[in-house]
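Just below is one structure, and these are the notes that go with it.
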Amino acid sequence: MDKLRRVLTGHEDEEQGLTAQVMDSSSLSFGTRVKWFAICFVCGIACSILGSALLFLPSSGRKLFALFYTIGNVAALASTCFLMGPVKQLKKMFAPTRLIATIVMLLCLICTLCAVFWWQKNGLAIIFCILQFIAMTWYSLSYIPFARDAVMKCFTGCLN
C-alpha cells in the first residue's frame, strides 16, 4: 500500500536497487511458495527417476538418462528458490561455507551435458552423473548444521 501511495503522490524512489526490485516483484504468499516448491521438487524427482528408467534403452538411453537426470537436479535446486527467493538462494549458494560445493555441483551439471551432447562420451556422462549425485548431496548437507562433519566422521570411522 505504501508503494502505491508513493507512486500516486510522485515520491517513488527511482534509485531502488536490483535486490529490492526483485523482492518487490516476487511477493508470493507463503502458501504459494510452498506449493510451487513442492511442484518443482516433485518434477525434479520425477525427471531423475524417468532418466534412470531411460538408462536401459538400447540406442540413446545414456543420453536421455544424463539429460533427464541433470534436468531433475536443476529443477530440485530451483525449487528452493520458491522458498527463500532467488536472490537469497544465490547469496546462500555462494556463501563461503558452500562455495566449493556449489562450484563442483554446477561444474558437474555442465560437464554431464557437455559429455553427452558435445563430446559424445556416454561413459563419461555416467561418471559425471555419479559426481552430480555426490556433489548435490554434499551441497544439500551444507544446509543442515554439523551434517557434513558427521558424514566426515562416519566415513573416517569406517575407513579406519
Side-chain angles (χ1 to χ4, degrees), residues 18-19 22-23 25-160:
L18 178 64
T19 305
V22 170
M23 294 307 276
S25 66
S26 65
S27 56
L28 299 174
S29 70
F30 180 73
T32 305
R33 287 177 184 265
V34 170
K35 287 175 192 172
W36 280 105
F37 162 76
I39 290 169
C40 200
F41 191 74
V42 167
C43 287
I45 291 173
C47 281
S48 295
I49 292 171
L50 178 64
S52 298
L54 292 173
L55 178 62
F56 301 106
L57 287 178
S59 61
S60 61
R62 290 184 184 150
K63 285 183 181 182
L64 291 173
F65 164 71
L67 178 67
F68 278 99
Y69 190 77
T70 302
I71 289 172
N73 279 340
V74 169
L77 182 64
S79 69
T80 57
C81 287
F82 287 106
L83 289 180
M84 63 181 84
V87 174
K88 191 172 181 183
Q89 170 73 17
L90 287 174
K91 283 182 182 178
K92 285 190 173 201
M93 282 177 70
F94 292 101
T97 57
R98 295 183 187 92
L99 184 62
I100 294 173
T102 301
I103 290 171
V104 170
M105 178 190 58
L106 293 175
L107 280 175
C108 287
L109 292 170
I110 292 167
C111 288
T112 301
L113 295 175
C114 287
V116 168
F117 295 112
W118 191 22
W119 304 325
Q120 303 289 323
K121 303 286 184 185
N122 292 334
L124 191 59
I126 299 294
I127 292 171
F128 281 129
C129 283
I130 293 168
L131 291 175
Q132 250 187 71
F133 176 77
I134 294 168
M136 283 290 283
T137 302
W138 192 253
Y139 170 78
S140 299
L141 287 174
S142 71
Y143 283 95
I144 304 169
F146 305 109
R148 292 196 281 187
D149 293 334
V151 169
M152 290 295 288
K153 286 181 183 178
C154 179
F155 277 109
T156 56
C158 290
L159 294 176
N160 289 334

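Keep in mind that this is a model prediction, so the values were computed, not measured.
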Output the distance between atom [atom1] ([X]) and atom [atom2] ([Y]), rounded to the nearest 0.5 Å.
X      : Y      : atom1 : atom2 : value
Cys43  : Ile71  : SG    : CD1   : 11.5 Å
Thr80  : Lys88  : OG1   : NZ    : 11.5 Å
Arg62  : Phe56  : CZ    : CZ    : 10.5 Å
Asp149 : Ile144 : CG    : CD1   : 12.5 Å
Ser140 : Arg148 : OG    : CZ    : 10.5 Å

State whether the number of non-hydrogen atoms from other residues, nucleotides or ligands found under 6.0 Å of Tyr143 atom OH is greater than 12. yes

Looking at every heavy atom in both [X] and [Y], which two are closest together, and how far apart are they?
X      : Y      : result
Trp119 : Cys111 : CZ3-O, 4.0 Å
Gly72  : Ser48  : CA-OG, 3.7 Å
Thr70  : Gln132 : OG1-NE2, 3.1 Å
Arg33  : Gly85  : NH1-N, 3.7 Å
Cys129 : Ala66  : SG-CA, 3.9 Å

Does Thr32 offer a backbone N or O that forms a donor-acceptor pair with the side chain of Ser29 under 3.5 Å? yes

Look at the side chain of Arg98 and the backbone N and O of Met93, then say whether any donor-acceptor pair between them is shorter than 3.5 Å. no

Stepwise side chain to side chain contact (heavy atoms under 4.5 Å, CB included) test for Leu113 and Leu109: CA-CA 7 Å; Leu113 295 175; Leu109 292 170; over 6 Å; no

Side-chain heavy atoms of [X] within contact of [Y], under 4.5 Å:
X      : Y      : answer
Trp138 : Ile100 : no
Leu107 : Leu131 : no
Thr112 : Tyr69  : no
Gln89  : Leu77  : yes
Pro86  : Leu90  : no

Classify the ring geometry between Phe41 and Phe37 as parallel (under 30°), tilted (30 to 60°) or perpendicular (over 60°). parallel

I would like to know whether Leu67 and Phe117 meet side chain to side chain contact (heavy atoms under 4.5 Å, CB included); could you show each step before the answer? CA-CA 9 Å; Leu67 178 67; Phe117 295 112; 3.9 Å; yes

Would you please test Phe82 and Ile39 for side chain to side chain contact (heavy atoms under 4.5 Å, CB included) and show each step? CA-CA 10 Å; Phe82 287 106; Ile39 290 169; over 6 Å; no

Taking it one step at a time, do Phe65 and Ser52 satisfy side chain to side chain contact (heavy atoms under 4.5 Å, CB included)? CA-CA 6 Å; Phe65 164 71; Ser52 298; 3.9 Å; yes

